[in-house]
K.L.:
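Below you will find the structure I want to go over with you.
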Amino acid sequence: MPIAKYAYTALDCPDPIALADFYSKITGWPVEPLGDFPRADVTWLELLDSNGVTKMGFQKIDNYKTPTWPEGNVPQQAHMDFHAKNLDIAEREILAIGGRKADHQVRPHRFRVYLDPAGHPFCIVQSDED
């Protein structure tokens, strides 16, 4: 019997709204509505699935340090993989929304490493399924 059920991943970042918007464009999951909450006061924000269930969270950290992975003093801290049928199309779209291709690439024919706007590394992995 499991001890607990996995809920979602949350990433530290300097700007939860910007990072939630970035990952919303990748996944298609909508950003939770802010309502009348002032943007400047947002310290936590979530992406929700079509049932309103949290899929990712983003937490504002005032002294956030961008990962320097694969070398340097600040480790990657987290790593996510996303699947795509066509890596070239996915790459164009990732770069268009503000992602950056990482210098460190191991097997670019099978998966490609990118950095989100806050510097977190993530991979787009070749998949036959969406």
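All values below were derived from every heavy atom in this structure, side-chain atoms included, with hydrogens, water molecules and symmetry-related copies excluded.
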K.L.:
Determine, using the 4.5 Å side-chain heavy-atom cutoff (strictly less than), whether Leu48 and Val53 are members of one ILVMFWY cluster.
P.N.:
no

K.L.:
Are Met56 and Leu34 grouped together when hydrophobic residues (ILVMFWY) are joined by side-chain heavy atoms under 4.5 angstrom apart?
P.N.:
yes

K.L.:
Listing request: all side-chain hydrogen bond (donor to acceptor under 3.5 Å, both in side chains) pairs with a residue in residues 42-54, at least two apart in sequence or in separate chains.
P.N.:
Trp44-Glu46, Glu46-Thr54

K.L.:
Is there a path of hydrophobic side-chain contacts, each under 4.5 Å between heavy atoms, that joins Leu95 and Phe111?
P.N.:
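As far as the 4.5 Å side-chain criterion goes, Phe111 and Leu95 are not connected within one cluster.
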
K.L.:
What pairs with Asp41 under side-chain hydrogen bond (donor to acceptor under 3.5 Å, both in side chains), at least two apart in sequence or on another chain?
P.N.:
none

K.L.:
A side-chain contact here means heavy atoms from C-beta on lying under 4.5 Å apart; do Asp81 and Phe122 qualify?
P.N.:
no

K.L.:
Would you check if the distance from the ring center of Tyr114 to the ring center of His120 is below 6.0 Å?
P.N.:
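When the ring centroids of Tyr114 and His120 are compared, they turn out to be at least 6.0 Å apart.
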
K.L.:
Give the C-alpha distance, both sets of side-chain angles, the deciding distance and a yes or no for side-chain contact (heavy atoms from CB on, under 4.5 Å) between Gln126 and His83.
P.N.:
CA-CA 6 Å; Gln126 178 71 46; His83 291 181; over 6 Å; no

K.L.:
Can you give me the closest heavy-atom contact between Ala20 and Val31, atom names plus distance?
P.N.:
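Result for this residue pair: O-CG2, 3.8 Å.
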
K.L.:
Cluster question for you: counting only ILVMFWY and a side-chain heavy-atom cut-off of under 4.5 Å, with indirect links fine, are Val106 and Leu87 together?
P.N.:
no

K.L.:
If you round to the nearest 0.5 Å, how far is OG1 of Thr66 from CG of Asp116?
P.N.:
9.0 Å

K.L.:
Give the other cluster members for Ile89, using side-chain heavy-atom distances under 4.5 Å between Ile, Leu, Val, Met, Phe, Trp and Tyr residues; answer none if it is isolated.
P.N.:
none

K.L.:
Can you name the side-chain hydrogen bond (donor to acceptor under 3.5 Å, both in side chains) partners of Thr68, sequence neighbours left out?
P.N.:
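Testing Thr68 for side-chain hydrogen bond (donor to acceptor under 3.5 Å, both in side chains), a comparison that skips the adjacent residues, returns none.
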
K.L.:
How long is the span from the NE2 atom in His104 to the NZ atom in Lys101, to the nearest 0.5 Å?
P.N.:
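It comes to 13.0 Å.
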
K.L.:
Heavy-atom distance under 4.5 Å between the side chains of Ile97 and Ile26, does that happen here?
P.N.:
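In short, these two side chains touch, coming nearer than 4.5 Å.
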
K.L.:
Can you tell me how far apart CG (Leu45) and CD (Glu32) are? Round to the nearest 0.5 Å.
P.N.:
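With rounding to 0.5 Å, CG (Leu45) is 5.0 Å from CD (Glu32).
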
K.L.:
Assess whether atom NZ of Lys65 is packed by more than 12 heavy atoms of other residues, nucleotides or ligands within 6.0 Å.
P.N.:
no

K.L.:
Looking at every heavy atom in both Leu47 and Phe58, which two are closest together, and how far apart are they?
P.N.:
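Closest heavy-atom pair between Leu47 and Phe58: CG-CE1, 3.7 Å.
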
K.L.:
Side chains of Pro121 and Trp69: closer than 4.5 Å at any heavy-atom pair?
P.N.:
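Pro121 reaches Trp69 side chain to side chain.
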
K.L.:
Would you call Asn86 and Arg92 a side-chain contact if the rule is heavy atoms closer than 4.5 Å?
P.N.:
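A side-chain contact under 4.5 Å is absent here.
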
K.L.:
What heavy-atom pair brings Phe22 and Gly98 nearest, and what distance separates the two atoms?
P.N.:
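Smallest interatomic distance, heavy atoms only, reads CE1-C, 3.9 Å.
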
K.L.:
Rounded to the nearest 0.5 Å, what separation is found between the CE atom of Met80 and the SG atom of Cys123?
P.N.:
10.5 Å

K.L.:
Go through the structure and list residues passing side-chain hydrogen bond (donor to acceptor under 3.5 Å, both in side chains) with Lys55, not counting sequence neighbours.
P.N.:
none

K.L.:
Can you confirm whether Tyr23 sits close enough to Phe82 that some side-chain heavy atom of one is under 4.5 Å from a side-chain heavy atom of the other?
P.N.:
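Of all side-chain heavy-atom pairs linking Phe82 with Tyr23, at least one is under 4.5 Å.
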
K.L.:
Heavy atoms, side chains only, cut-off 4.5 Å: are Asp21 and Leu19 in contact?
P.N.:
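The answer is no, as the side chains (C-beta and beyond) never meet within the 4.5 Å cut-off.
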
K.L.:
Which donor-acceptor pairs under 3.5 Å do side chains of residues 7-17 form with protein atoms, sequence neighbours excluded?
P.N.:
from  : atom 1 : to    : atom 2 : distance (Å)
Thr9  : OG1    : Tyr6  : OH     : 2.4
Asp12 : OD1    : Gln59 : NE2    : 3.3
Asp15 : OD1    : Ile17 : N      : 3.2
Asp15 : OD1    : Ala18 : N      : 3.2

